[in-house]
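Convention: sequence-line order gives letters A, B, ...; per-chain numbering from 1.
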Amino acid sequence: MSMEKIVSLCKQCGFLFQSSEIYGGLQGFWDYGPLGVELKRNVKESWWRDMVTCHDDMSTLDGAPSPYSMEGLDCTIIMHPQVWKCSGHYDLFHDYMVDCKETKKRYRHDQLNGRWVSAKGKTAFVTAPAGDDEVELIKKRAMKYFNVRAKNIDDLVYDGDPVCLTEIQDLAEVLGPDAKTIGTLTEPREFNLMFKTYVGALSGEEGAAFLRPETAQGIFVNFKNVLDSTRHKLPLGIAQIGKSFRNEITPRNFTFRSREFEQMEIEFFCHPDESQKWYQFWRDRRMAWYHEMGIPEDRLILREHTPDELAHYSIGTADLEYAFPFMAAGEFGELEGISHRGDFDLRSHIEGKLDEKSNPLELQLDEHGKPKWKGSGKNLGYRDELTGEKYIPHVIEPSAGADRATLAFLCEAYTEDEQPDENGNMQKRVVMKFHPRLAPIKAAVFPLVKKDGMPEVAKEIYLNLKKQFKVFYDEKGAIGRRYRRQDEAGTPYCITVDGQTLEDQTVTIRDRDTLEQQRVNIDELREIIQCRIDA
RNA sequence: GCGGGUGUAGCUCAGUGGCUAGAGCGUCACGUUGCCAACGUGAAUGUCGUCGGUUCGAAUCCGAUCACCCGCUCCA
């Protein structure tokens, strides 16, 4: 299935448009059209209903170690800047880079070291990637640049020990790590993966804040509030749906990697001894959810991260990946990540930013031996009322992309088949086979022809169904064309008023996938449609 | 960020310097029509991605720029 056809249908039918299209578009931003917004709302609502509102906290679900509670939350997009420092996003997403105009390579500004070298009357600041072998690398680079042979090595005159490139103001005499001539490095440019803004009237750095790059941190910083206000015991899951922002360098593949996107996240807090079982539970539960929503087993894989991909405190991370049409054959794109995060996040917000590389986890210190980023100092731990045990809960994080899920459902729904026309000739048909729960329009109502009182009856049915479902009325053109139009929109049911309706108050209800029609009473329509959607 | 490709009607595309920029599909109106993209008649729709240049004349040639697609790179 080609991605072009899906992108084309999305625009034509009103699922997705490029943001600000009339001004030429903006890379990495997309708008949902009339059908798209209904689809995405249904994706989010299905997730919220299945994970939160319809959660059964009395019984033990299949595969779960015990019953658990579930609550929702809706936090702000802009949060206290210290949140991102303690979470690690500030360090991770806040790099200065220099580009080499000659070799087109890009380097982290703070990861290049170099020293001043003179020979044959010339001087240059010779650089190399920071590391144990940097002195040797700088020597080799200098020999090549100054064209000095090994026997004349003493011609090279060093001025001082290697220092970081950040110490050098003027880059005109700097030799890039792979360049042949000096002065090829651009001025350092900030590659901030977080969008920056300013809070308050002052636009100075003291007012600087960031648009959240993930929704998770809002849950961590509210963990205590939720516990205190609900009187829940652990295990407890807290769910949130909301926009996040990442200034991706290369947005690509339609909405798959966007700069503004929506996440559906759960932070699940539990006792450390049970965390592994809960990790297993959430992996299986989330996998099953996509299957229920219509993603077939062979197009969705669960990929366990290898040990070297894992942070050491994590027991595991698994990606649920879908076979998107834009991926190469046999490759998959991430829909959701389920990670075991240990107590890293809560402890970081208590004590300060922890060093992910330390084992056991220790506070990350700056060059003066003080905490690099101070935490809140608040007690975010948990005390079990029954046993009296105090501990910092471990966290399992199923983090899904709402836009990625929506895109996967769009790709999965797109189907071309052949159906006979009125003369029995096979005609190509494009049909979006959404799960009825996800379909933007649940039913369309048609008069068979635009006369004999049929439109009046059909409109009455339409208005009645509209109280419960998103429905569509159409009386224009031939009946076959109207059916096909609804097939493209993914409407699962079409209700047609015909001559017989006027005599016995029955209509036909047509199934999108099988084309079969069933004659039913008008009174039963609401119930029948609801039953079929829930089935 | 680099390299390649693309950009003309709502969609798919034709149009290689010259008359008022075209086709198919779709859309709309009227008529006809009794169950799967029907038919007839009529109609609307374009700053030819944007900006600039060359030229008597540019959708067409040149430059820049924006967006999308592919491959790298980067990120995770």
Side-chain angles (χ1 to χ4, degrees), chain A residues 2-14 16-30 33 88-89 92-93 95 97-108 186 189 191-193 213-214 246-257 259 303 305 309-311 317 319 325-328 333-334 337 339 399 401 417-431 446-452 454 475-488 494-502 507-512 514-517 519:
Chain A
S2 82
M3 202 58 205
E4 287 85 57
K5 284 184 176 178
I6 293 166
V7 173
S8 173
L9 179 126
C10 279
K11 165 140 203 231
Q12 195 159 4
C13 294
L16 280 159
F17 307 122
Q18 231 186 320
S19 168
S20 323
E21 193 192 69
I22 62 166
Y23 288 107
L26 187 61
Q27 203 181 20
F29 296 91
W30 299 90
H89 288 90
L92 186 68
F93 279 19
D95 298 332
M97 309 289 284
V98 292
D99 288 313
C100 179
K101 285 178 273 197
E102 180 189 314
T103 63
K104 310 300 182 195
K105 292 195 176 181
R106 177 178 292 161
Y107 313 92
R108 283 255 310 259
T186 62
R189 287 179 294 179
F191 273 78
N192 194 339
L193 273 288
E214 63 170 38
R246 289 185 198 181
N247 203 357
E248 296 286 353
I249 295 169
T250 327
R252 208 38 94 77
N253 291 327
F254 207 22
T255 60
F256 182 78
R257 179 170 291 166
R259 288 175 164 145
R303 190 181 70 83
H305 283 208
E309 285 179 284
L310 285 178
T317 293
D319 287 343
F326 50 75
M327 307 293 295
E334 183 183 346
S339 341
S399 169
D417 63 9
E418 291 203 332
Q419 300 296 346
D421 65 12
E422 58 171 356
N423 300 318
N425 300 321
M426 296 308 272
Q427 297 284 345
K428 203 184 93 173
R429 175 176 82 136
V430 172
V431 51
F446 308 142
L448 183 58
V449 288
K450 200 165 49 174
K451 62 179 189 186
D452 298 340
M454 291 181 205
E475 58 178 30
K476 289 175 204 140
I479 188 76
R481 168 171 300 285
R482 282 179 266 159
Y483 285 143
R484 292 299 166 85
R485 259 198 289 249
Q486 292 308 310
D487 290 342
E488 279 196 356
C494 289
I495 293 146
T496 304
V497 171
D498 57 16
Q500 196 179 329
T501 307
L502 306 172
V507 291
T508 58
I509 179 164
R510 166 201 185 258
D511 184 89
R512 174 194 68 202
T514 64
L515 278 64
E516 279 168 16
Q517 285 178 294
R519 188 160 278 279

**Prompt:** After noting the C-alpha distance and the side-chain angles of A:D417 and A:R429, does the key distance pass the salt bridge (Lys or Arg N to Asp or Glu O under 4.0 Å) rule?
**Reply:** CA-CA 5 Å; A:D417 63 9; A:R429 175 176 82 136; 2.9 Å; yes

**Item:** From CA spacing to verdict: side-chain contact (heavy atoms from CB on, under 4.5 Å), A:Y483, A:L515
**Value:** CA-CA 9 Å; A:Y483 285 143; A:L515 278 64; over 6 Å; no

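At a cut-off of 3.5 angstrom, counting only N and O atoms as typed in the model, there is no donor on one side facing an acceptor on the other between the side-chain of A:Y23 and the base of B:rC66. Under 3.5 Å, the side chain of A:R510 and the base of B:rC35 form no donor-acceptor pair of N or O atoms.
Nucleotide B:rC74 is matched to nothing when pairs are restricted to Watson-Crick or G-U wobble geometry with both distances under 3.5 angstrom. Pair check for B:rG18 finds B:rC56; Watson-Crick or G-U wobble, both atom distances under 3.5 Å. In this structure, B:rG40 and B:rC30 make a Watson-Crick or G-U wobble pair, each of the two defining distances being under 3.5 angstrom.
Nucleotide B:rG34 is shown with a syn base, its glycosidic torsion being within 90° of 0.
Considering A:R512, A:R481, A:R510 in turn, A:R510 is the only one that fulfils the salt bridge (Lys or Arg N to Asp or Glu O under 4.0 Å) rule with A:D487.
Using a 4.0 Å cut-off, some side-chain N or O of A:K11 falls inside it from OP1 or OP2 of B:rC11. For B:rC70, the OP1/OP2 oxygens have a side-chain nitrogen or oxygen of A:N253 closer than 4.0 Å. Using a 4.0 Å cut-off, no side-chain N or O of A:Q27 falls inside it from OP1 or OP2 of B:rC66. The phosphate of B:rU12 (OP1 or OP2) has a side-chain N or O of A:S8 nearer than 4.0 angstrom.
Aromatic ring centres of A:F254 and A:F326: separated by at least 6.0 Å.
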**Per-nucleotide protein contact string for nucleotides 23-30 of chain B, where B marks a base within reach and S marks sugar-phosphate only (heavy atoms under 4.0 Å, - for neither)** = ---SSS--

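Among the heavy atoms of the strands lying under 4.0 Å from A:E488 is at least one base atom, whether or not backbone atoms are also near. Among the protein residues, A:G28 comes within range of the sugar-phosphate backbone only, with heavy atoms under 4.0 Å from sugar or phosphate atoms but none that close to a base. Using a 4.0 Å heavy-atom cutoff across all strands shown, A:Q18 reaches sugar-phosphate atoms only and no base atom.
Counting to the nearest Å, the C1' atom of B:rC35 and the CG atom of A:D498 are 8 Å from each other. Here the C1' atom of nucleotide B:rG34 and the CZ atom of A:F446 are 15 Å apart, to the nearest Å. In this structure, A:R484 atom CZ and B:rC11 atom P are separated by 23 Å, rounded to whole Å. Residue A:L448 contributes atom CG, which lies 14 Å from atom P of B:rA38 at whole-angstrom precision. Rounded to whole Å, the distance from CD1 on A:I509 to P on B:rC35 is 20 Å. Taking atom CZ of A:R246 as the reference point, atom C1' of B:rC75 lies 10 Å away to the nearest angstrom. To the nearest angstrom, P of B:rC68 lies 11 Å from CZ of A:F29. The distance between atom CG of A:L16 and atom P of B:rC11, rounded to the nearest whole Å, is 14 Å.
Between A:Y483 and A:R259, the residue anchored nearer the 5' end of RNA chain B, judged by the nucleotide with its closest heavy atom, is A:Y483. Mapping A:W30 and A:I479 onto RNA chain B via the closest heavy atom, the residue that lands nearer the 5' end is A:I479.
Applying the side chain to side chain contact (heavy atoms under 4.5 Å, CB included) rule to A:D319 yields the partners A:R303, A:H305, A:T317, A:E321, A:E334; only residues at least two apart in sequence or on another chain are considered. Applying the side-chain hydrogen bond (donor to acceptor under 3.5 Å, both in side chains) criterion to A:Q18, with sequence neighbours excluded, gives no partner residue.
Here the side chains of A:Q500 and A:L448 are not in contact, with every heavy-atom distance at 4.5 Å or above.
The CZ atom of A:F446 lies 10.0 Å from the OG1 atom of A:T508; values are rounded to the nearest 0.5 Å.
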